[in-house]
*Asks:* 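This is the structure I have questions about; it appears just below.
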Amino acid sequence: MVQSSVLGFPRIGAFRELKKTTEAYWSGKVGKDELFKVGKEIRENNWKLQKAAGVDVIASNDFSYYDQVLDLSLLFNAIPERYTKYELDPIDTLFAMGRGLQRKATDSEKAVDVTALEMVKWFDSNYHYVRPTFSHSTEFKLNGQKPVDEYLEAKKLGIETRPVVVGPVSYLFLGKADKDSLDLEPISLLEKILPVYAELLAKLSAAGATSVQIDEPILVLDLPEKVQAAFKTAYEYLANAKNIPKLVVASYFGDVRPNLASIKGLPVHGFHFDFVRAPEQFDEVVAALTAEQVLSVGIIDGRNIWKADFSEAVAFVEKAIAALGKDRVIVATSSSLLHTPVDLTNEKKLDSEIKNWFSFATQKLDEVVVVAKAVSGEDVKEALSVNAAAIKSRKDSAITNDADVQKKVDSINEKLSSRAAAFPERLAAQKGKFNLPLFPTTTIGSFPQTKDIRINRNKFTKGEITAEQYDTFIKSEIEKVVRFQEEIGLDVLVHGEPERNDMVQYFGEQLKGFAFTTNGWVQSYGSRYVRPPVVVGDVSRPHAMSVKESVYAQSISKKPMKGMLTGPITVLRWSFPRNDVSQKVQAPQLGLDMRDEVNELEPPSVEVIQVDEPAIREGLPLRSGQERSDYLKYATESFRIGTSGVKNTNQIHSHFCYSDLDPNHIKALDADVVSIEFSKKDDPNYIQEFSNYPNHIGLGLFDIHSPRIPSKEEFIARIGEILKVYPADKFWVNPDCGLKTRGWEEVRASLTNMVEAAKTYREKYAQN
Ligand SMILES: [Zn+2]
């Protein structure tokens with residue numbers, strides 16, 4: 001029998017149970033007991049579900065209350081001193097590192113004020129991990145035994161699992177040096193961390209685990225030589241350590257071939273590779289295995305929601321069996337299923353034709369099992385023919401293909417993607433028009449999504465209030481936000497986006513060619529989950545999407561108002577894209593829709609338009625080369641198609657966050673002003689890199705994921721640091737990102753302090 005394997009299952013619960021409980025815990029409404037109880041229930045449900053589906057190799061330690069990489073930092077004691085000094089419980093230390101903590105002193109507790117660690121995108125996905133942060137004083141040691149506890153928890157249910165941990169080379173490489181130790185290269189800590197990995201693995205072995213999935217996802221990146229060499233050091237060390245379970249080194253999201261020499265011959269039980277993303281690596285990775293090593297064939301897509309094509313998957317696995325024999329092949333999901341929604345059966349509103357094309361995490365369990373059975377010679381004819389019919393139905397459907405859209409895309413020419421004049425000329429025209437002060441202040445777009453907003457949206461969706469009533473409500477919310485911004489003295493205002501559930505979903509819902517779920521939540525970071533729309537066919541814009549709200553907001557204020565849109569790449573990347581055509585085909589369709597929207601915003605009154613492209617960096621192919629330059633070309637072009645139709649006097653803004661941006665990529669977009677998340681960037685070189693950015697730039701000054709409020713002095717100090725290298729006349733003052741997840745009290749205080757700090761510098765520069 002060929003075994004089936006799942007690399008990890010979503011840990012949020014089918015109805016977002018984890019979010020509800022963690023947020024209740026943070027606000028003091030429930031205690032640790034309740035939090036841990038819900039966590040345990042989710043883990044147990046997940047294991048039972050996989051067992052019932054017939055999955056042979058089930059993961060444990062794939063659960064986390066915040067992030068699996070952060071869990072490791074806590075477990076290995078890579079906890080910067082600023083968190084340990086408060087003597088918090090482990091779970092509170094975890095949350096403080098993940099999201100910061102600011103707490104007044106009470107009779108029983110000390111006051112706490114600490115910022116979060118940096119958060120970055122997990123490879124090219126929309127999941128964010130908390131970056132391990134090391135210093136010369138980091139002392140690795142086992143600080144708890146979460147993987148062992150969760151392994152035993154499953155065992156108690158009679159379910160044997162394969163614990164999963166991020167491997168030593170990836171863990172270090174994905175980390176960074178703390179600001180007091182900038183000369184430290186994380187990979188140089190390898191020898192210090194290996195004994196701790198060995199100790200953890202020995203503990204798992206003592207608990208009964210016979211094999212461990214050790215993730216080394218960085219194998220799909222371009223790696224410095226030192227890091228390539230680290231694999232040999234690490235896995236030879238672990239192979240020589242005592243009482244170590246069998247190790248299966250797992251990589252996903254790409255092609256490992258450029259790093260194959262570093263892992264060839266490693267003394268490990270086997271490897272897992274992603275053949276959904278990189279089927280072309282098959283021959284070479286198979287040839288690189290030793291005569292005993294097993295190959296876990298990642299063939300069921302862990303990153304998308306489309307049904308697998310069983311005939312293709314079976315044929316692929318059979319190729320592996322022909323090369324290696326049945327005993328050395330495992331049928332697996334391409335990656336953890338963390339990136340897919342939990343269960344399609346909870347979708348009651350999806351069109352049945354479209355629903356028949358989808359497969360969520362729970363359905364993917366069956367897919368892995370059916371493919372494993374098929375290649376083992378079991379009778380699964382029925383399942384195969386039902387699958388073949390679904391695949392055919394999608395291919396032939398009128399929803400998939402729209403000839404009008406294809407015609408419009410064919411007419412794209414170069415003129416469509418360039419502004420009428422270059423930046424200096426536009427800047428002069430805009431200066432006369434907006435008359436903004438030095439250090440203009442603005443926000444990124446969204447304001448708190450209050451309970452009241454959610455209640456009214458819900459009522460409207462359910463038909464309990466009329467469209468006019470909802471409209472009136474939204475207008476009153478916009479007015480509240482506008483008046484607030486005027487009151488504290490912001491220079492370029494926003495309408496606050498009360499009408500938007502999500503920056504991508506909101507646009508997707510109004511475009512033709514998208515489908516939506518009611519429960520299709522996926523974790524983005526911590527307790528923030530998103531419900532990505534699905535691009536099911538060619539995309540077009542039947543009507544205006546944001547014009548009404550933006551025009552209204554501008555009509556009630558004399559200050560410039562930004563019209564807020566989400567860029568084509570972000571809409572695409574934060575949706576589940578089609579897998580029948582490339583993203584290169586899908587992106588310009590969205591660019592054309594954005595252009596129509598921008599052009600419709602412009603004539604009445606909205607003269608500043610922000611098109612957010614936070615996902616542009618995450619879409620960058622993980623390796624340099626042809627694929628990357630192709631991507632940059634179509635991504636840039638799609639953005640420019642959207643934004644180049646406006647007059648020189650109109651100001652185009654764009655925004656980026658939570659990824660290591662290359663200023664050159666942003667430069668190519670030619671936006672007049674860009675704002676980027678910056679508050680946790682400590683590296684002076686990074687600030688320096690951006691100082692050559694030719695257009696105007698807003699470097700984010702406070703962390704919007706954290707409830708803590710920076711003081712005016714803190715803002716002054718931060719701006720001062722930046723101004724040491726950054727030209728004052730190009731510099732905008734703004735937060736890291738949108739404020740929708742924050743409460744009004746925090747927003748009011750933080751923004752007031754920020755604006756006051758900008759005024760201080762304005763006065764200072766006026767005197768000089
Ligand atoms: Zn952002």
Side-chain angles (χ1 to χ4, degrees), residues 98-100 115-116 118-122 124-131 441-449 481 490 492 494-497 500-507 523-530 532 546 562-575 594 608-620 635 639 643 652-663 665-666 669 671 673-681 686 690 693 696-707 710 732-742 746-747 750-751 754:
R99 61 193 295 267
T115 58
E118 189 188 359
M119 195 169 77
V120 265
K121 290 266 158 84
W122 182 242
D124 58 355
S125 79
N126 188 22
Y127 178 76
H128 307 61
Y129 75 98
V130 178
R131 185 172 270 182
T441 53
T442 190
T443 61
I444 306 305
S446 62
F447 268 75
Q449 285 267 327
V481 169
L490 279 154
V492 176
V494 297
H495 77 280
E497 303 173 21
R500 301 186 191 177
N501 39 12
D502 175 271
M503 64 183 283
V504 168
Q505 193 186 342
Y506 181 76
F507 290 99
Q523 187 178 21
S524 174
Y525 64 85
S527 73
R528 167 112 181 109
Y529 308 162
V530 293
S546 68
K562 285 197 275 193
M564 302 296 309
L565 301 173
T566 306
I569 295 297
T570 302
V571 172
L572 187 60
R573 299 284 318 177
W574 291 0
S575 301
M594 288 304 151
V608 183
I609 295 168
Q610 178 171 317
V611 180
D612 288 2
E613 274 294 27
I616 205 158
R617 171 62 180 82
E618 96 191 19
L620 192 69
F639 178 91
T643 53
I652 295 287
H653 287 227
S654 190
H655 167 68
F656 310 90
C657 48
Y658 307 105
S659 47
D660 288 325
L661 283 164
D662 179 337
H665 301 160
I666 306 182
L669 301 177
V673 182
V674 302
S675 56
I676 63 175
E677 160 263 335
F678 210 74
S679 74
K680 275 186 264 163
K681 301 288 182 197
Y686 193 76
F690 272 93
Y693 182 76
H696 285 194
I697 195 162
L699 300 176
L701 293 174
F702 70 94
D703 179 12
I704 57 83
H705 293 120
S706 171
W732 285 60
V733 168
N734 49 254
D736 268 352
C737 191
L739 301 164
K740 69 173 161 193
T741 58
R742 299 270 57 90
E746 301 152 21
V747 165
S750 301
L751 288 180
M754 185 189 84

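We count ligands from 1, going down the list as the structure has it; atoms in each ligand are counted the same way.
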*Asks:* Side chains of Q610 and K562: donor-acceptor distance under 3.5 Å anywhere?
*Replies:*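 Per modelled atom types, Q610 and K562 side chains form a pair under 3.5 Å.
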*Asks:* How would you list, by chain and number, every residue that makes a salt bridge (charged side-chain N to carboxylate O under 4.0 Å, His left out) with D502, sequence neighbours excluded?
*Replies:*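 D502 satisfies salt bridge (charged side-chain N to carboxylate O under 4.0 Å, His left out) with R528 once adjacent residues are dropped.
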*Asks:* Holding to salt bridge (charged side-chain N to carboxylate O under 4.0 Å, His left out), I want the full list of residues that pass it with D703, two or more places apart in sequence or in another chain.
*Replies:*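 Applying salt bridge (charged side-chain N to carboxylate O under 4.0 Å, His left out) to D703 gives K680.
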*Asks:* State yes or no: are the ring centers of F447 and H495 separated by less than 6.0 Å?
*Replies:*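 F447 vs H495: aromatic centres not under 6.0 Å.
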*Asks:* If the condition is salt bridge (charged side-chain N to carboxylate O under 4.0 Å, His left out), which residues does R742 pass it with, not counting sequence neighbours?
*Replies:*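 Residues passing salt bridge (charged side-chain N to carboxylate O under 4.0 Å, His left out) with R742: E746.
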*Asks:* Tell me the closest heavy-atom pair linking V611 and S654, and the distance in Å.
*Replies:*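 Heavy atoms only, the tightest pair is O-OG, 2.6 Å.
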*Asks:* What's within reach of the Zn ion (ligand 1), meaning protein N/O/S atoms under 2.8 Å?
*Replies:*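 Only H655 NE2, C657 SG, C737 SG fall inside 2.8 Å of the Zn ion (ligand 1).
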